[in-house]
Each structure stands twice: as C-alpha cells, then as structure tokens.
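Order of the sequence lines sets the chain letters (A, B, ...), proteins ahead of strands, with each chain counted from 1.
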Number of protein chains: 2
Amino acid sequence: MHLPTSVGYLLKEASSALRSAMEAVLRPLGMNVTHYSCLELLAQRPGLSNSELARGAFVTRQSMNVLLVALERDGLVSRAEHASSGRALPTELTPKGRRQLATASAAVRAVEVRMTASFSDVERAGLGDLLSRAVSSLRADHPTA
Amino acid sequence: MHLPTSVGYLLKEASSALRSAMEAVLRPLGMNVTHYSCLELLAQRPGLSNSELARGAFVTRQSMNVLLVALERDGLVSRAEHASSGRALPTELTPKGRRQLATASAAVRAVEVRMTASFSDVERAGLGDLLSRAVSSLRADHPTA
DNA sequence: TGACTCATGTCAATATTCTGACATAGAATC
DNA sequence: GATTCTATGTCAGAATATTGACATGAGTCA
C-alpha cells in the first residue's frame, strides 16, 4: 500500500514513525513521550511554568497539569508552593528526575541518530532548516490559537 | 522562548503546526483531520477496509471504526454489508462524500502551499525526499508494532 | 484610579483514543 | 487434512486529552 505522497502526508508519517520509535524505547523505562519531553524541557529551561511546559510539549495546560502532579508525586520534579510573581508556579527537576532523564535522553538520542543515519551532514542541517521555515510560514499571519 | 532545536523536536513542531492549521480550515467545514484523511484515502484508493484506513490515517482500527460509523450515518461513505472475501469490509465514498471532500481538499491544499511558500522547487522535493528516507530508516529493522 | 486585556492555574464535564480481548476467515506450514 | 499464523471486525473498559468555564494576578491605557 503506497498511499499519498504529499509533503503534508510525509510530515505526518515521519512524525508518527518517530513517536512510535520513541514510545518503544521509553516504555521499558516506564516513560512516555510527553513525560520525557517535560523532563527534557525542564533540564534546558529550569523554572518553566505549567503553561510553558504545555506549549513546549504541544499539549494543553490541563493535560500537562495532570502529568506534573504525577511527576511530583513520583519525586521527579518539584513545584513552587506559591507564585513569587503572577500566578505561574516554577517547576524544577529533582536529582531523581535528572537521573531518569539521563537514561531516557540517551535512548531518544539513539532513535534520532537512527532516523537520520543515511543523511549527510548537509542533509541533516537542511532538514532542520526546512522544517523551521515551514513552521514559520504556517504561523505567519495566522494566530497560534 | 526558544526551545530545543533537535531534528526530532522540529519534526514534532512542524507536524503540530500543520495539524493546527488543517484543523483551523477544516472546522468551518464541519470536519477534523482524521475525518478528512479518511475521505482523501478513500478517494485515492476506493474499497479500503477499516483496518487499512486506520493505518493510512495513523490511528487504531477502533478509532477509525467509530469514525466510519459516523461517516456512514451522515451518508458520506458506504460500507459493504458482508465481506466478499476474508473479513475486510470495503468502503467507498458516496457522491455526497465526494462533494464534501472536494471543498476540504482545496482548503487543505492551500495550507500545504502556504507551508512551503518560501521553498524553491528543489527544496520542496528535497523535504519530501528527506522525510521519506527518515521514515524508512526508523522502520528498518524495527517492527511496525 | 479605574477599566480593559492577557496569561495563568484549576475545576468540571465531555470526547476521544487506546488497551485488552475475543471469534472468525484466509494463508502458510507441516 | 490438521495446525499454526496473521489479519480483520467488534465489544467492553480504562486511560487520556480536550473543551468550556471561572477567579486571580499583572500589565496597559485612558
């Protein structure tokens, strides 16, 4: 079966394949993609709020909130009790969270390497560039809504 | 906020942006992305079964089945009563389904055009090529599971 | 100061999707 | 021919995500 070959379809197909591959390597570690994404975001940007994490992981605030509650219960992250300014509650990784992320990050990186295994350096960079520009074009004159 | 820039993240970001843009143009038509995908698949491959449609739209058989029930109720598709061979029930578009697809297809095509508006022809083809190869690499030696 | 806008956290209810399981039909294997 | 394997449709339940709504805090502007 050799379905549609539009760029849009290929984009969806690639994204789906990547997600499946990530789920496959994260499951043995007791994590899923959103779980991992949240930890990775917090490692790169300590102190992100629930809403910011939601945007970064492409889910709603509400979904991210239930995840954060679970992550805090498991001692992987710590949330501020009350906001120092505004309503945003900064979240940070605990040492335990950092350890779990380390193994997960290696597994995910391996998946990404496998995905671009046949690429030259130029092609690898080119794909990133094209995807960035595609995102910009879609968002131009089009409220994020 | 200028989050991760790995190819994997950009892929997810682009896919998410495309989906949002598609949802935005399809909502006024009373459709969502899976709804549209199903019709588009049936137009290109009349007679696809529920399971085949599910794979093509990247959802489970169960999800596609509830969609098909709704589409049939609305008179957009027709499903065979009983299988002529095996258990697969071939599905086809009705004239009404074809009409609805026509308008949706134009809207979606416009989104895709906007997404690649800044691309040269070479770049447009290049993105498709890179995505195809990425999918192949991810699936190589890795059961679709 | 006051009205307005915007973003955030949170609650409730609804939709949607998935996981797990089962029986059946055909192909493959022995 | 019997057995095994794979794929399909379908049922039931659980998990997940989303939509909608509300009050609060901060910034903007007249």
Side-chain angles (χ1 to χ4, degrees), chain A residues 1 12 15-16 19-20 22-24 26-28 30-38 41 45 47-74 77-92 143-145, chain B residues 1 12 15-16 19-20 22-24 26-28 30-38 41 45 47-74 77-92 143-145:
Chain A
M1 201 159 70
K12 188 174 178 182
S15 181
S16 173
R19 167 171 280 265
S20 293
M22 287 176 65
E23 299 274 13
L26 290 174
R27 187 171 304 116
M31 311 173 66
N32 61 33
V33 172
T34 309
H35 182 139
Y36 159 75
S37 298
C38 180
L41 288 168
R45 302 256 170 164
L48 285 184
S49 71
N50 176 42
S51 288
E52 292 170 319
L53 287 168
R55 279 193 295 271
F58 308 106
V59 296
T60 60
R61 291 174 291 175
Q62 294 85 338
S63 296
M64 180 55 71
N65 187 57
V66 310
L67 173 61
L68 278 184
V69 169
L71 292 182
E72 188 173 29
R73 168 175 51 75
D74 296 344
V77 307
S78 64
R79 309 177 76 178
E81 290 297 337
H82 25 244
S84 56
S85 169
R87 302 198 67 192
L89 302 176
T91 308
E92 296 193 1
T144 315
Chain B
M1 200 157 72
K12 188 174 178 180
S15 182
S16 173
R19 169 172 277 264
S20 292
M22 286 175 66
E23 298 273 12
L26 290 173
R27 187 170 305 116
M31 310 173 66
N32 61 31
V33 172
T34 309
H35 182 139
Y36 160 75
S37 298
C38 179
L41 287 168
R45 302 255 171 165
L48 285 184
S49 71
N50 176 40
S51 289
E52 291 170 320
L53 287 169
R55 278 194 296 271
F58 309 105
V59 296
T60 60
R61 291 174 291 175
Q62 293 86 340
S63 296
M64 181 55 71
N65 188 56
V66 309
L67 173 62
L68 278 183
V69 168
L71 293 182
E72 187 172 30
R73 167 176 51 77
D74 296 344
V77 307
S78 63
R79 309 177 77 179
E81 290 298 335
H82 24 246
S84 56
S85 169
R87 301 199 68 191
L89 303 176
T91 308
E92 296 193 1
T144 316

Notebook entry, point to check: Given the rule in the side-chain contact (heavy atoms from CB on, under 4.5 Å) test, do A:Glu23 and A:Asn32 qualify, once you have shown the distances and angles that lead to the verdict?
Noted result: CA-CA 6 Å; A:Glu23 299 274 13; A:Asn32 61 33; 3.7 Å; yes
Notebook entry, point to check: Which is it for A:Arg19 and B:Lys12 under the side-chain contact (heavy atoms from CB on, under 4.5 Å) test, yes or no, and what are the steps along the way?
Noted result: CA-CA 9 Å; A:Arg19 167 171 280 265; B:Lys12 188 174 178 180; 4.0 Å; yes
Note to self: Could you go through A:Arg79 and A:Asn50, starting from their C-alpha distance and side-chain angles, then the distance that decides it, and tell me whether this counts as side-chain contact (heavy atoms from CB on, under 4.5 Å)?
What the structure shows: CA-CA 9 Å; A:Arg79 309 177 76 178; A:Asn50 176 42; 3.8 Å; yes
Check: Which is it for B:Leu89 and B:Ser49 under the side-chain contact (heavy atoms from CB on, under 4.5 Å) test, yes or no, and what are the steps along the way?
Finding: CA-CA 5 Å; B:Leu89 303 176; B:Ser49 71; over 6 Å; no
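In this structure, CG of B:Asn50 is placed 9 Å from C1' of D:dT8, rounded to the nearest angstrom. Atom P of nucleotide C:dT8 and atom CD of A:Glu52 are separated by 6 Å, given to the nearest angstrom. For B:Leu48 and D:dA7, the CG to P distance is 17 Å, given to the nearest whole Å. Nucleotide D:dA7 holds its P atom 17 Å from the CG atom of B:Leu53, rounded to whole Å. For the pair A:Met64 CE and C:dT8 P, the interatomic distance rounds to 13 Å; values are reported in whole Å. Taking atom CG of residue A:Leu67 and atom C1' of nucleotide C:dT10, one finds them 16 Å apart after rounding to whole Å. At whole-Å resolution of the value, CZ in B:Arg19 and P in C:dT17 are 8 Å apart. Atom pair A:Leu68:CG and C:dG9:C1' shows a separation of 11 Å (rounding to whole Å applied).
Distances shown here put a side-chain N or O of B:Arg79 below 4.0 Å from the OP1 or OP2 atom of D:dT10.
Side chain B:Arg87 to base C:dA23: a donor-acceptor pair is found below 3.5 Å.
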For nucleotides 17-21 of chain D, print each protein N/O atom paired with a nucleotide N/O atom at under 3.5 Å, atom names and distance only.
unit_1: D:dT18; atom_1: OP2; unit_2: A:Thr60; atom_2: N; d: 3.3
unit_1: D:dT18; atom_1: OP2; unit_2: A:Thr60; atom_2: OG1; d: 3.1
unit_1: D:dT18; atom_1: OP2; unit_2: A:Ser63; atom_2: OG; d: 2.8
unit_1: D:dG20; atom_1: O6; unit_2: A:Gln62; atom_2: NE2; d: 2.8

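Of the possible donor and acceptor atoms, one in the side chain of B:Ser37 sits under 3.5 Å from a partner among the backbone N and O of B:Val33. The closest donor-acceptor contact from the side chain of A:Ser20 to the backbone of A:Ser16 lies under 3.5 Å.
Candidate nucleotides D:dA26, C:dT8, C:dT10 were compared by shortest atom distance to the side chain of A:Asn65, and C:dT10 ranks first. For A:Ser85, whose side chain is taken as the heavy atoms from C-beta onward, the closest listed nucleotide among D:dG9, C:dT10, D:dA26 is D:dA26.
In this structure, the separation between NE2 on A:His35 and CG on A:Asp74 is 7.5 Å, given to the nearest 0.5 Å. Considering CG of B:Leu41 and CD of B:Glu52, their distance stands at 10.5 Å, rounded to 0.5 Å.
For the helix from C:dT1-D:dA30 to C:dC30-D:dG1, the end axes, each set by the C1' atoms of five terminal pairs, are bent relative to each other by 40° (nearest 10°).
Using a 4.5 Å heavy-atom cutoff, the side chains of A:Cys38 and A:Leu67 are in contact.
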